[in-house]
Amino acid sequence: MLKIAKERLNELYAKISESMGLFIPIKKGGEVNYHVWGEGKEVSLETLKTVKSPKNMFFPQTENMMKFKTEGKNIEILEAGIRKQGDELKPFVAFGVKACDYKAIEVLDKVFLAEPVDTFYQARRNATTIVTLACSKPEESCFCGVFGIDATNPQGDVSTWLDEKYLYWQANTEKGETLTSLASELFEKGGETEVEAQKTSTKAVLAQLPFANLDLSRFKPENLNELFDDTRWEEMSEACLGCGTCTFVCPTCQCFDIRDFKTNDGVIRYRCWDSCMYSDFTLMAHGNSRTTQMQRFRQRFMHKLVYYPSQNDGLYSCVGCGRCVNKCPQNLNIVKVIKTLGGKKND
Amino acid sequence: MKDVELKMLERAKALLESGEVARVIGWKKGEFIYDPAPASFETVDELKDFVYNWFCGANLSKYLIQASKKEGKTAVFLKPCDTYSFNQLVKEHRVKRENIHVIAVECLGKFDVAKIKAQGVSSIVDVEVQNKEVKVKSFGGETVLNKPEILLTKCETCQKTHQVKDEEIILHDRPERDVNRFAEVEKLEAMTPDERFAFWREQLQKCIRCNACRNVCPACSCVKCVFDNPASGIAAKANDDKFEEQLFHIIRAFHVAGRCTDCGECSRVCPQNIPLHLLNRKFIKDIDGLYGEYQAGETDEGKTPLTSYTENDIEPTDAVNGEAK
Ligand code: SF4
Ligand code: SF4
Ligand code: SF4
Ligand code: SF4
């Protein structure tokens, strides 16, 4: 294990930035989100939850897919593939990714990297080196443990731990080793004891969290119909604004829409995040498949807890990051759903 | 606060039991003290989850658009600020007044849990308020916080009083306050255009186009928002820096100008804490300056400055030349 003094972190960031893009939690306009590092930026590794999740790095909220012109029956393709080629495919580092958000990338991989592969996503995934950061101050909205995630021991190309003095650094993969070698002169050896101590104390906190023991036992494919027909969806969803905040802050929500935008010289085909909470989600020629907010609300949580796991060997597509718990304007969230429908232990 | 909650519960029970109303709209307990959710209660039994506390900041008025179309009367608990939204919705024929029974409830300000957490207090179990002191009990022990520092932004400058009441539950007087709700707007006005542009760019850049601000807004009550219409050529959900920074929020602010009651919900719900209320307050301040003081939602009838014409109206050119100051 290696370590680097906190006050030298800026040197590390600068070194990495010489040859790669560096996305890291940065405070801008009062809120912390992943942004590209630059000299003078206010990095905040201490922030437990960025507002937007790191999924943005691989699956941007809006991206252009192609540009074309039509004349009669002829289509002329002006641009296709990832926008600003080269630029965006420059290898980059995602720095400070928490264990829940890292697990969320696995959830996304199963969607975007399965056949047919989403080449936009794949290109960005291949270009990334992920540096994870263990949590040392989890808070009451966190429930990653329920999904078998160990917040104190995140994986990734490099795993790191932060305390008052040092960032501890352990490369796990070849990509991780390469990254380490970029700045080897900044590291010193050591930190095993400190890291072990931190893991033990954080684990004690994690075990005490109010949502540490949520019961997911009823969320199984064989209960699909029963859960779908549960009458309590009405009351659970009645205050829902259909705003989609929960989907847009969620690290695993993966739906997008593809649309055309007419410009003076051609049509831009772009995709953008979509939300099952929206009235125009999966709009078809005949109209909409889900006509009430209750149905939309049910879709979101059934997808996380039943549909996705039934297609992915039981892997839930919620990672317990708690963002929807903190950000729903009307205080509705997946925990309330799990407690209502999950299983006996929740009572 | 407990005494107020008990009185409310008592009234809710009585109204449901007597059959005077078919449902009561209020707040339902959450997992913590600070996450109550708006809810409607149709039976006395359901009221076991009823709650009214320092975290009931949500404005319930907009839910009445749907509720007032249902069979039977709906009783609703409205805080002072919520009653302005209610009036505005009645005025715009969105809520059927005759189907609603308004119970005006006491409000001494509501808390923002994020602000409490930002002061380093988490796992909040209870709060006890004495004048300006708030004792926050958490797993970590007890912390005393300064009330004005943990109020929701919308409550910081609120001087609103109940405009509608079929009955009221007010047990404690609200201390008189003298605050200037335009102070922040004045700061923005004092900036150079470049500074102001930079301020808004930095703020609006954070927008994730979740549309929570629009969906919660009682003035945004269009059955189908233009941004939700796929045929309009624009998409509400497409997040494009330039659009958010320069257009979406400005268009929305224009659309609610003269109808925005300054309920502050837009800023409360924004996941990125964009101070959207400052845009609306600028409009309110300008309307006050150009047409004389006007507060949307003070009544549920009458003419409004932006939708009626008088010969003394300011000329548009004078207005843009800054006569509004
Ligand atoms: S659950 Fe909450 S955040 Fe999600 S759409 Fe409904 S109101 Fe918005
Ligand atoms: S559903 Fe909520 S808690 Fe689960 S991963 Fe998404 S935002 Fe996080
Ligand atoms: S609530 Fe905030 S983030 Fe969401 S659309 Fe409105 S301004 Fe943007
Ligand atoms: S614009 Fe904001 S302050 Fe004005 S009525 Fe709508 S939610 Fe309330």
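Chain A is the first sequence line, chain B the second, and so forth, proteins listed ahead of strands; every chain is numbered from 1.
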Out of A:Tyr278, A:Phe281, A:Phe256, A:Phe248, which residue meets the ring-ring contact (aromatic ring centres under 6.0 Å, His included) rule with A:Trp273?
-> A:Phe248
Decide if the gap between the ring center of B:Phe111 and the ring center of B:Trp54 is smaller than 6.0 angstrom.
-> yes
Part of A:Asp257 lying under 4.5 Å from any heavy atom of chain B | side chain
Under a 4.5 Å heavy-atom cutoff, which of A:Arg323, A:Gln330, A:Lys327 has the most pairs with chain B?
-> A:Gln330
Is the closest side-chain donor-acceptor distance between A:Arg296 and A:Gln299 under 3.5 Å?
-> no
Interchain contact, B:Tyr34 with chain A, by part (heavy-atom threshold 4.5 Å) | both
So which pairs with a foot in residues 41-53 of chain A pass salt bridge (charged side-chain N to carboxylate O under 4.0 Å, His left out), sequence neighbours left out?
-> A:Lys6-A:Glu46, A:Lys49-A:Glu139
Contact class of A:Thr245 relative to chain B, heavy atoms under 4.5 angstrom | both
Where on A:Lys262 is there a heavy atom nearer than 4.5 Å to chain B: the side chain, the backbone, both, or neither?
-> neither
Chain B: which of A:Asp274, A:Leu332, A:Val249 shares the most heavy-atom pairs with it under 4.5 Å?
-> A:Asp274
Of the backbone (N, CA, C, O) and the side chain (C-beta and beyond), which part of B:Gln203 lies under 4.5 Å from a heavy atom of chain A, both, or neither?
-> side chain
Whatever's closer than 4.5 Å to a heavy atom in chain B on A:Cys243 counts as both
Under 4.5 Å heavy-atom distance to chain A, tell me which part of B:Lys28 shows up: side chain, backbone, both or neither.
-> side chain
Please list, chain by chain and in numerical order, all residues satisfying salt bridge (Lys or Arg N to Asp or Glu O under 4.0 Å) with B:Lys70, sequence neighbours excluded.
-> none
Does a donor on one side chain sit under 3.5 Å from an acceptor on the other, for B:Asn59 and B:Ser61?
-> yes
